[in-house]
Q: 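Quick one: the structure is below, and I'll ask about it shortly.
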Amino acid sequence: MQLLQCPAEFEREMGCTAAELVHWLPGAAAPHTVLQRADGADIALDAGGRLSLRWEALPPRRIALLCVPRLRLRFAFEGVDEAARLRFMHRFDLYTQRGGG
């Protein structure tokens, strides 16, 4: 499913650990530069724009014997038009997809 809109700031929940997300970020953000921090990352985007990505661990989701880690991610784009935000998020979503389909 491709996004049709992408606001400058939004939150989402992902089923992964912080370590997994940190591992995926360079590929998910390519070719942009990623500056990683303990609880987030800053990504330098085209034409001087940037994405500030912050996360916090949430309690895992339990379904019977299945336990899925969760992160709350806060995306904040600065100086990035909606078309560029959509392109970035499309790649990010494809790169971070996991099984099931």
Side-chain angles (χ1 to χ4, degrees):
M1 178 173 86
Q2 189 168 352
L3 294 173
L4 299 177
Q5 295 180 320
C6 185
E9 294 186 28
F10 62 96
E11 288 187 3
R12 87 165 34 159
E13 193 176 292
M14 288 184 68
C16 64
T17 65
E20 288 170 323
L21 181 63
V22 166
H23 179 74
W24 296 335
L25 270 179
H32 307 291
T33 303
V34 177
L35 175 61
Q36 294 181 354
R37 304 186 187 295
D39 66 342
D42 292 315
I43 301 168
L45 301 175
D46 298 333
R50 71 182 209 122
L51 166 62
S52 176
L53 183 61
R54 298 292 176 255
W55 56 79
E56 67 177 295
L58 297 171
R61 185 169 313 265
R62 295 191 182 279
I63 305 168
L65 296 177
L66 179 67
C67 182
V68 179
R70 294 186 309 149
L71 282 182
R72 177 180 299 134
L73 276 76
R74 292 181 182 96
F75 294 80
F77 289 93
E78 294 177 26
V80 182
D81 66 32
E82 186 168 35
R85 294 191 306 261
L86 284 166
R87 282 192 303 276
F88 179 87
M89 290 307 301
H90 179 70
R91 177 174 171 82
F92 181 90
D93 288 343
L94 285 175
Y95 198 91
T96 59
Q97 270 183 341
R98 295 168 63 165

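Treat the numbers as computed from the prediction; the structure is a model and nothing was measured.
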Q: Donor-acceptor pairs under 3.5 angstrom involving side-chain atoms of residues 34-41: please list them, not counting sequence neighbours.
A:
from	atom 1	to	atom 2	distance (Å)
Gln36	NE2	Val22	O	3.2
Arg37	NE	Asp42	OD2	3.0
Arg37	NH2	Asp42	OD2	2.8

Q: Calculate, to the nearest 0.5 Å, the distance between atoms OG1 and CE belonging to Thr96 and Met14 respectively.
A: 3.5 Å
Q: Please round to the nearest 0.5 Å and tell me the distance separating atom CH2 of Trp55 and atom OG1 of Thr17.
A: 10.5 Å
Q: Under the rule for side-chain hydrogen bond (donor to acceptor under 3.5 Å, both in side chains), what residues qualify as partners of Arg91, not counting sequence neighbours?
A: none
Q: Can you tell me if Arg70 uses its side chain to pair, donor with acceptor, with the backbone of Pro59 under 3.5 Å?
A: yes
Q: Considering only NZ, NE, NH1 and NH2 on the basic side and carboxylate oxygens on the acidic side, decide whether Arg87 and Asp46 come within less than 4.0 Å.
A: no
Q: Going only through I, L, V, M, F, W and Y residues with side-chain contacts under 4.5 Å, is there a path from Leu58 to Trp24?
A: no
Q: Please assess Leu73 against Phe92 for the test side-chain contact (heavy atoms from CB on, under 4.5 Å), listing each intermediate value before the final yes or no.
A: CA-CA 13 Å; Leu73 276 76; Phe92 181 90; 4.3 Å; yes
Q: Just verifying a value: how many Å separate His90 NE2 and Leu94 CG, rounded to the nearest 0.5 Å?
A: 4.0 Å
Q: If we only count heavy atoms from C-beta on, is the Leu51 to Val80 side-chain gap below 4.5 Å?
A: no
Q: What distance do Arg50 atom CZ and Glu78 atom CD have between them, rounded to the nearest 0.5 Å?
A: 4.5 Å
Q: Give the minimum heavy-atom separation between Leu86 and Cys6, together with the two atoms involved.
A: CD2-CB, 3.8 Å
Q: Rounded to the nearest 0.5 Å, how far does CZ of Arg85 lie from CZ of Phe75?
A: 13.0 Å
Q: Taking the six-membered ring for Trp, are Phe88 and His32 parallel (under 30°), tilted (30 to 60°) or perpendicular (over 60°)?
A: tilted
